[in-house]
Novice: 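Take a look at this one; I'll ask things after.
One-based numbering, in listed order, for ligands and for the atoms of each.
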Amino acid sequence: MRKVLYNRFGDEQVLEVQEQPTPTIAKNQLLIQVKATSINPLDWKIYRGEMKLLSGSKLPKGVGIDFAGVVAQVGPGVTRFRLGDSVFGLLDVFKGGALADYVVVTEAVIAPKPAAISFDQAASLPVAGLAALQIVDQLAVIGRGHEVLINGATGGVGMFAIQLAKKRGARVTAVVGPAGVQRATQLGADVVIDYTKQDVRQLTQQFDAVIDLSDKLTFKAAKKLLKPGATFVNTLPSPQSLVLSFFHNLFSSRKRKILILKPTAAGLNTLASFAQDGLQIPVEQVYDLANVRQAYQETSQGKVKGKAVVVLG
Ligand SMILES: NC(=O)c1ccc[n+]([C@@H]2O[C@H](COP(=O)([O-])OP(=O)(O)OC[C@H]3O[C@@H](n4cnc5c(N)ncnc54)[C@H](OP(=O)(O)O)[C@@H]3O)[C@@H](O)[C@H]2O)c1
């Protein structure tokens, strides 16, 4: 089977499509024939070596976390899935390897693909959708009537965060680039701010939650946008930021939370039911496996607004 691997850390030129033996499964595992994978910023942060503390330095490594495909083999200990089922899910974030014709998984990290969405859309959901779900429901705990600011609202995580925050009854202010203004409105944002025209740090309004998905808004800058008791969320865990936020939260009513993605089948099933009910999953760009370097070059340079998918066939 084909699999994308790299043998040294670096830019997308390190990525190579190689022939590998099809993996075998254990009693509680399934073999999935991958139809599509989607690209996440985590992929390139890992292959560039920016997350070695969490991902480790052992090479070669596979690339890609999200996948959607069809169950090709089922171990005897598997109870919820059968041969031929269409599923979507994610691999261990720091091990990767979804850019391959086949992946081996357990039932804990997959869910049935909703009939209403394509494999490309299903592959776009796991990391970005679970991140948005965790942020909205567990970190910011967004509820009815809350004022929520989402900075970077039309990227992979942001476009789901807008829709989930609206589902929970919040009023959403979306901060986006010029190309995202129309998209943010379509996704349900109440107020849309183009960050090239207005500096979000200068807003006088205060919010119940400020969610930064751009990696550009610091807690220090966001603090004046937070009501007393409000929460700031960002997505950049590091040993230093986790310790800092722990001590900060002991003494301040304005909380600082950091996303560490926790993949669960329950979360995937929640996303699947939202998708069946009309969650918008816009796929911006589709690439073939042969163009994997181009796919990562364009997405990591911000040329793709929203989700990019690599199809395996
Ligand atoms: N910690 C975890 O477990 C975890 C899990 C999932 C994701 N993440 C992280 O979460 C972040 C978001 O992921 P993603 O998939 O949504 O990334 P993405 O698709 O690249 O989205 C980032 C968004 O930020 C916007 N942006 C850029 N500069 C901005 C600025 N100055 N002000 C406001 N917005 C700006 C971009 O808009 P334009 O393109 O229009 O500029 C883009 O829509 C990434 O850093 C990712 O690594 C972390």
Novice: Taking the six-membered ring of Phe9 as reference, does the cationic atom of Lys52 (NZ for Lys, CZ for Arg) lie under 6.0 Å from its centre and within 45° of its axis?
Specialist: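 The answer is yes; both the distance and angle limits are met.
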
Novice: For Ser55 versus Phe94, what's the shortest heavy-atom pair and its separation?
Specialist: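 Heavy atoms of Ser55 and Phe94 come nearest at CA-CB, 3.8 Å.
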
Novice: Side chain of Gln29, backbone of Ala26: donor and acceptor closer than 3.5 Å?
Specialist: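 The answer is yes, because a donor-acceptor pair under 3.5 Å joins these two groups.
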
Novice: What residue among Asp190, Ile142, Val136, Val148 forms side-chain contact (heavy atoms from CB on, under 4.5 Å) with Lys166?
Specialist: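 Option passing the side-chain contact (heavy atoms from CB on, under 4.5 Å) with Lys166: Asp190.
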
Novice: Check for me whether Lys113 meets the cation-pi criterion with Phe119, that is, NZ or CZ under 6.0 Å from the six-membered ring centre and within 45 degrees of the ring axis.
Specialist: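 Ring-cation test returns yes.
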
Novice: Are any protein N/O atoms closer than 3.5 Å to the N/O atoms of ligand 1? If there are, list each pair with names and the distance to one decimal place.
Specialist:
from	atom 1	to	atom 2	distance (Å)
ligand 1	1 (N)	Thr235	O	3.1
ligand 1	1 (N)	Leu259	O	2.8
ligand 1	3 (O)	Leu261	N	2.9
ligand 1	10 (O)	Thr235	OG1	3.0
ligand 1	16 (O)	Gly156	N	3.2
ligand 1	16 (O)	Val157	N	2.8
ligand 1	19 (O)	Gly156	N	2.9
ligand 1	28 (N)	Lys216	NZ	3.2
ligand 1	39 (O)	Lys305	NZ	3.0
ligand 1	41 (O)	Tyr195	OH	2.4
ligand 1	43 (O)	Gly155	N	3.1
ligand 1	45 (O)	Lys45	NZ	2.7
ligand 1	45 (O)	Asp215	OD1	3.1
ligand 1	45 (O)	Asp215	OD2	2.8
ligand 1	47 (O)	Lys45	NZ	2.8

Novice: Assess the pair His146 and Phe207: is the distance between their ring centroids shorter than 6.0 Å?
Specialist: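 Not close enough - the centres of the two rings lie 6.0 Å or further apart.
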
